[in-house]
Amino acid sequence: MTSSPMLRVSDLRLSYSTAKGDLPAVDGVSFSIQAGEALGLVGESGAGKSSLALALMRVLPRNVAHHSGVVELEGVDCTGMDDETFRRQIRWSKMAMVFQGAMESLNPVVRVGEQVIEPMLVQGHVAKKEAAREARRLLEVVRLPAEAYDRYPHELSGGMKQRVLIAMALILKPRLLILDEPTSALDVTVQAQIMDQLKDLKKEMDLTILFITHDIALASDVCDTIGVMYAGKIAELGPAERVLRSPSHPYTRLLLASVPRLHQEEQPGFIPGSPPDMVSLPLGCRFHPRCPFVFQRCIAEEPSLLAAGQNHQARCWLVEQRP
Ligand SMILES: Nc1ncnc2c1ncn2[C@@H]1O[C@H](COP(=O)(O)OP(=O)(O)OP(=O)(O)O)[C@@H](O)[C@H]1O
Ligand SMILES: [Mg+2]
């Protein structure tokens, strides 16, 4: 018997109502993550990465027009769960998240330790003293000095604040951690330290990770699987090794070519054009206006995710034409 994946997402859809019409930010996304593994969700700004994460956590903006799809955690379907049950049984305790830009939303007048224990106190059933003990332990786990507990956010560096947020997300011992651009505001050295830390956490705490970033090289550092998102859809999904070494979607190839490399003479390339207007999407393949390999069929018909190898799929007609 094979066990259920830690997270299985099927046909997730989320659209916003805007003055220009409905905007399908997440448009039929499916993937799963096995326990103890990390999936990297990569793509340019506006691809729908954060919207997808917010939908998983059920923290949705008010102007959501449509939200559907199935989300299963360890084989349990959370879809039909009412919001109160989801808040009590799932959010923070089974699935937690470090939100994009959350460093800026730490409360400047509350000591960081008090903020770390907040999810625990909200959940109830625990004395503050016990919560504080757990928070100090976690600060140590994320390699912060114990005194950090009594500091205010402005007394900490960006890297330290990001560690505080990770500790906060881990306080209720979730098995699944979503990190949305956790290092994009940090300089390269601190970024590397946080990535090392995540790799350790994944191993030591047997965490399952959904890592969201626009930086495919960064994702490949910690992730077993990579999902490339373009204009609300998965463009390519497969084992990290495969996606990096033999990318099947032209968009993935351009993303990889745009990564600056150390010790390389060539200038990194850039991706021509810009992502589509999400309210009036191009017909056919959403990437076709920017694709160097576009041909007639791409303009007329949108490809589904096609098999590009074992556990590897790409939404591109060229995949079908390969022998
Ligand atoms: N509350 C909202 N109302 C209307 N449109 C929204 C809302 N939030 C996001 N969008 C739009 O939905 C699309 C997806 O946005 P989202 O923030 O999910 O992308 P992202 O991949 O996380 O981008 P980034 O890399 O910049 O964080 C974009 O076109 C964005 O403008
Ligand atoms: Mg985002």
Side-chain angles (χ1 to χ4, degrees), residues 9 11-31 38-69 71 95-105 158 162 165-166 169 177-186 191 194-195 198 209-223 225-237 243 249 251-252 254-256 258-259 270-271 273-282 285-287 289-290 315:
V9 176
D11 201 25
L12 191 72
R13 289 169 196 271
L14 182 75
S15 65
Y16 300 112
S17 124
T18 76
K20 284 163 64 196
D22 276 6
L23 187 154
V26 183
D27 197 5
V29 168
S30 304
F31 61 84
L39 180 133
L41 201 59
V42 302
E44 284 165 294
S45 186
K49 307 178 299 292
S50 297
S51 300
L52 177 108
L54 295 177
L56 293 178
M57 288 289 282
R58 287 211 209 168
V59 189
L60 296 173
R62 278 173 197 274
N63 62 329
V64 166
H66 173 87
H67 176 204
S68 65
V71 176
M95 164 165 53
M97 177 162 167
V98 174
F99 291 89
Q100 182 168 15
M103 263 196 259
E104 305 313 316
S105 62
Q162 200 55 265
L165 291 165
I166 295 172
L177 178 63
I178 305 173
L179 299 136
D180 192 355
E181 301 279 7
T183 63
S184 42
L186 306 173
Q191 191 173 50
I194 299 275
M195 293 309 289
L198 286 178
I209 293 179
L210 175 59
F211 185 82
I212 295 175
T213 175
H214 58 275
D215 184 340
I216 193 166
L218 200 66
S220 66
D221 192 28
V222 66
C223 296
T225 307
I226 291 199
V228 177
M229 231 177 137
Y230 187 77
K233 295 197 176 208
I234 297 274
E236 179 158 4
L237 181 68
V243 174
H249 198 292
Y251 178 59
T252 314
L254 288 168
L255 274 183
L256 284 164
S258 69
V259 173
F270 65 95
I271 307 177
S274 42
D277 175 353
M278 290 298 292
V279 179
S280 56
L281 286 157
C285 171
R286 289 181 180 181
F287 188 59
R290 303 172 77 185
R315 192 181 294 282

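The structure presented is a predicted model; accordingly, all values stated were derived computationally and were not measured. Only heavy atoms go into these numbers, but all of them, side chains included; no hydrogens, no water, no symmetry mates. First listed ligand is number 1; within each ligand, the first listed atom is number 1.
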### Task
Find the distance between CG (L237) and OG1 (T225) and round it off to the nearest 0.5 Å.
7.0 Å
### Task
Determine yes or no for a side-chain-to-main-chain donor-acceptor pair under 3.5 angstrom, with N63 supplying the side chain and S17 the backbone.
yes
Between ligand 1 and the protein, which N/O pairs fall short of 3.5 Å?
from: ligand 1; atom 1: 1 (N); to: N63; atom 2: OD1; distance (Å): 3.2
from: ligand 1; atom 1: 3 (N); to: N63; atom 2: ND2; distance (Å): 2.7
from: ligand 1; atom 1: 18 (O); to: S51; atom 2: N; distance (Å): 2.9
from: ligand 1; atom 1: 18 (O); to: S51; atom 2: OG; distance (Å): 2.5
from: ligand 1; atom 1: 19 (O); to: G48; atom 2: N; distance (Å): 3.3
from: ligand 1; atom 1: 21 (O); to: A47; atom 2: N; distance (Å): 3.2
from: ligand 1; atom 1: 21 (O); to: G48; atom 2: N; distance (Å): 3.0
from: ligand 1; atom 1: 21 (O); to: K49; atom 2: N; distance (Å): 2.9
from: ligand 1; atom 1: 21 (O); to: K49; atom 2: NZ; distance (Å): 2.8
from: ligand 1; atom 1: 22 (O); to: S50; atom 2: N; distance (Å): 2.9
from: ligand 1; atom 1: 22 (O); to: S50; atom 2: OG; distance (Å): 2.8
from: ligand 1; atom 1: 23 (O); to: G46; atom 2: N; distance (Å): 2.8
from: ligand 1; atom 1: 25 (O); to: K49; atom 2: NZ; distance (Å): 2.8
from: ligand 1; atom 1: 26 (O); to: S45; atom 2: OG; distance (Å): 2.5
from: ligand 1; atom 1: 27 (O); to: Q100; atom 2: OE1; distance (Å): 3.0
from: ligand 1; atom 1: 27 (O); to: Q100; atom 2: NE2; distance (Å): 2.9

### Query
Excluding sequence neighbours, so at least two apart, what forms side-chain contact (heavy atoms from CB on, under 4.5 Å) with S184?
E181, H214
### Summary
Atoms listed for the Mg ion (ligand 2) (protein only, N, O or S, under 2.8 Å, no waters) are S50 OG, Q100 OE1
## Note on the structure
Here the gap from D277 atom CG to K20 atom NZ, rounded to the nearest 0.5 Å, amounts to 4.0 Å
### With F287 via ring pair (Phe, Tyr, Trp, His ring centres under 6.0 Å) - residues at least two apart
Y230, H249, Y251
### Message
Tell me the closest heavy-atom pair linking G28 and R13, and the distance in Å.
### Response
N-CG, 3.4 Å
### Query
What is the distance from atom NE2 of H67 to atom CZ of R58, rounded to the nearest 0.5 Å?
7.5 Å
### Message
Could you report the tightest heavy-atom contact between R290 and I271, atom names first, then the distance?
### Response
NH2-CG2, 3.3 Å
## Note on the structure
What one should report as the nearest heavy-atom pair of M103 and L165 is N-CD1, 3.4 Å
